[in-house]
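We count ligands from 1, going down the list as the structure has it; atoms in each ligand are counted the same way.
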Amino acid sequence: MEKIVILTGAGISAESGLGTFRDEGGLWAQHRIEDVATPEGFARDPQLVHGFYNARRAQAAKAQPNEAHEAIARLQRDWPGEVVIVTQNVDSLHEGGGARDVIHMHGTLAGALCAACNHHWTAPPEMAVGEPCPACAAPTARPDVVWFGEMPYHMDDIYDHLAGARLFAAIGTSGQVYPAAAFVHEAAMAGARTVELNLAPSTGASSFDEVILGPATETVPRWVDRLMGQR
Ligand code: APR
């Protein structure tokens, strides 16, 4: 049965109360990307960066998965073929909604990383400057989030999944950040049908076979029901 690959962005978590980046008043209207989401920013002011991620970690811990996260988990459970979920989000709401094996290409708020030895561990609720790495003891702990200028995680696996996709869906992403913004082209070249589910047409909307507009908690459950009805 056909393989479905789903890419999600901040828009799918918006109705769970987590801010998006580029909407009115979004995170990038409140903070400068170069200060809080680049390795240079972290080197310049690690306390500011830890503060930014501590606040997002605290907010994410209070957020609940919404009907869109739950509908995708239901599709992954009930669809007779493979359903692969790739997310740009660093929250754990897909897992909270019941999804499995979620591919976090931009890392996770739940993770910590040693900038010296590359050791990964579960982040405490609050991270502070100079925290020692549990493996090498160097004072170089950072959030395990992929910053601008860094290589996203799991790219080989993601391209393999896209090459085998029969249906590709992008949900809640503005299509402005690469390499995720090009996934629709990879999927289309592999012969997949492509659909975008978004509150407003993304930058890449014209690259999709179908665009379904509306809030994810309305459009995604309806889309999943339609897919399940077509089996
Ligand atoms: N339902 C569906 N879509 C929504 C909703 C909603 N309730 N609210 C907002 N959206 C859509 C917006 O229309 C927008 O297209 O979600 C998208 C959010 O876009 P961005 O804020 O740019 O978030 P995203 O695309 O995930 O950003 C990609 O950029 O800053 C980096 O690493 C960061 O992972 C992030 C990446």
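For the side chain to side chain contact (heavy atoms under 4.5 Å, CB included) test, residues two or more places apart in sequence or in another chain that qualify with A182 are Y178, H185. In this view, A137 satisfies the side chain to side chain contact (heavy atoms under 4.5 Å, CB included) rule with no residue, not counting sequence neighbours. For the side chain to side chain contact (heavy atoms under 4.5 Å, CB included) test, no residue two or more places apart in sequence or in another chain qualifies with P132.
Put simply, CD on E95 and OG1 on T108 are 8.5 Å apart, with the number rounded to the nearest 0.5 Å.
When hydrophobic clusters are built by joining Ile, Leu, Val, Met, Phe, Trp and Tyr residues whose side-chain heavy atoms come closer than 4.5 Å, directly or via intermediates, F148 is not grouped with Y153.
For ligand 1, the protein residues within 4.0 angstrom (heavy atoms only) are G9, A10, G11, A14, E15, T20, F21, R22, D23, W28, Q88, H106, F148, G172, T173, S174, V177, N198, L199, A200, G214, P215, A216.
For R74 and W79, the positive end is not near the middle of the six-membered ring at less than 6.0 Å and at most 45° from its axis.
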